Amino acid sequence: MHVFKAAVIGAGTMGGEIAQLIANAGLPVVLKDVEQRFVDQGLDRAREVTKGQLDGLVAKEKLTQDEADARLEEVLGRIEGATDYSGIGDVDFVIEAAPERIEIKQQVFGELDERTPGHAILASNTSSLSITEMAEATLRPDRVVGFHFFYPASVMPLVEVIAGELTSRETITAAINFARAIRKQPIACGEVPGFVVNRILNSAVGEVWRAQEEGGLSIKAIDEGVTAQNVAPMGPFVLADMLGLDTILHVAQHLRESYGERFYEHEGMRRLVEQGKLGAKSGGDGFYKDGEPQVEGDGEPDSERLAELFSLKALVECCLILEEGVASAKDIDLGMMAGAGLDPRRGLFPPLMRADFTGLDVVLERLEGAEAEHGERFAPPRILRRLVAQGRFGQRVGQGFFAYPQPDEGEQPETVQLETRGDVAIAWLMHPPMNSLSPSVIGDLMTVWERVKAADELRAMLICSSIPFVFCAGADIKAFTQLDEDSGSEFVVNAQKMLSEFGDGDVVTIAAVNGLAFGGGCEVAMACDMRIAAESAAFGQPEINLGIIPGFGGTQRLPRLVGPEKALEMNLVGDEITASEAFERGLANQVVPDHELFDSALGWARKLAGQAPLALAAIKRVSNAPHLDKGLADEMAAFAEVFQTEDAREGIGAFLGKRKPRWTGK
Ligand code: NAD
């Protein structure tokens, strides 16, 4: 599924900016509304946003004014305003951003189904309505998907890609690829009220709203106090004024109706909305007017406690989302970073990572306390109890919702570090933000690999990422361009040699793929004997998009794993595939929930580390013969060789004696 042209239906608050994003990414887009004046408003907004961005580039001297002027017209020239459907007969992807009423959405989806090509994906930017019900208005429910931007769409990086009951996996993959193509951060989730980010935010902020009304607290003191506690980028009442009280109230009511008591509806907000006081959009009159609070309450809040309740409740909701299978741990935290402005670089950690850093045992105790004080809505979720029961306390022990390195003592390379657990070595990729493979990362991986090979007791090596959101996003192209031709080619030869050894030697190699494995990252994973993937992992060879080709075995190992046709397609198109497709195609050996990845991969490593060493090495060696006759000849020779070993006698003896064998590698 490839997108050459798109359409946006509804040119309001969201539509104009969404069309701008698409045009800015180089694609033609039709922007349709019911009346020309609405279309014009959308076009004006697209111009304003583009101009703002280009002015920024001129100010930073990245563009001249003339270049910026030309770019502005180029981008806007790709947006075709319309009040009818005549321009959408050849679109591939449509985003509906019409008013939030199911009867309007269904009518629009019926019309789109009649007028767009059968292959086109019909997406909705709805915040709360059912994708499945919209799909019912079409003959292509498998190609209807939620595509939820956050306000303002030109600034907020997140898109929630929502699967309706009948949405196909291909549609989800295509929507994720399209979101990336327009430079947004997609997360995948199921169709539940509030999806992921609004649900978590509302659940958490509801505790602050509740405390404000029950305790008659000052909203100004709350906004200042909560911001200072580093749980959110801005205070909840200031934020509501910015986003529009009517929008916030609508979502809050919807979530309370859907989930009940654990969500809260702020009475004061409801009264303000009744009076037409909506915040910035009603001339700055909302919770505040001219900086002064407009709701009663002058009590001094215990900001630390409020911030703690906010964090605890956010965590409860995250766990419920995980338990319901709505989204993965990684997508939940990524969603909160890209959709709620939580930026770890500013000390604002997303909920699951934050809990891992605090200690899940500590958090569980705090939740039990909050439950005793405030009731069931703070009841510790089962998934948290389970992790604590397993001793997965978070960062300080190396495992919680995510896995964290605990490198061995002594000198370590900087970007890849070795951790030893019994007979299993773990090579941690530690090169933020994307674990890109620079020459020094490859050099450090080589150092670790040499250590692993040299240690007789190490029988398996896991390759893991220390960054919860990415396995390895590929080669560090900039660093490579700085190598001269000789050192460049020597480097590639050495790297290729190491990757070949991953598949040939007597150490089992396993990639624990937690997130994106693109380009060089995918190639490192493919060079390993096995790949265990987290549900939200993705694989791809996007080199062609840079006008280059894979250089660490992508054209050779990929066909051996997924078959020549699919490999050729992936290498020629450059799009990513999901973990589940990777599993079906043979690229991943197993797909597991994100938070179980490390344990599962370690389990595989332990199992294989315990196998007969000579037999294991022989099987690896003969398995990749270039053709059948050579392979059979190799196998015959290896069979005869292995059959003569002490391990073979031990294995057969143990089998006949009904006891566990003890391998010596002789
Ligand atoms: P809006 O009211 O600002 O714009 C909707 C536009 O759709 C209007 O210009 C209207 O004239 C037009 N329209 C009405 N019927 C139409 C039809 N049949 N065909 C084409 N256009 C039609 O609304 P908005 O805030 O842009 O919201 C649009 C969608 O995006 C809603 O589903 C909303 O829930 C969702 N959303 C909004 C926000 C937000 O903060 N505003 C954030 C995320 C998602």
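Please read all numbers here as calculations on a predicted model, not as lab measurements. Index from 1, following the sequence. As the structure lists them, so they are numbered: ligands from 1, and atoms in each ligand from 1.
Taking the centre and axis of the six-membered ring of F149, the NZ or CZ atom of K184 falls outside the cone set by 45° and 6.0 Å.
E261 CD: 12 or fewer foreign heavy atoms inside a 6.0 Å radius.
For ligand 1, the 4.0 Å heavy-atom shell contains residues I9, G10, G12, T13, M14, K32, D33, V34, F38, A97, A98, P99, E100, K105, V108, N125, T126, S127, H148, F149, Y151.
Scored by the salt bridge (charged side-chain N to carboxylate O under 4.0 Å, His left out) test, R183 finds no partners at all (sequence neighbours excluded). Scored by the salt bridge (charged side-chain N to carboxylate O under 4.0 Å, His left out) test, E100 finds K105 as partners (sequence neighbours excluded). For K281, the salt bridge (charged side-chain N to carboxylate O under 4.0 Å, His left out) test picks out D246, with sequence neighbours left out.
If you look at F287 and H266, their ring centroids are closer than 6.0 Å.
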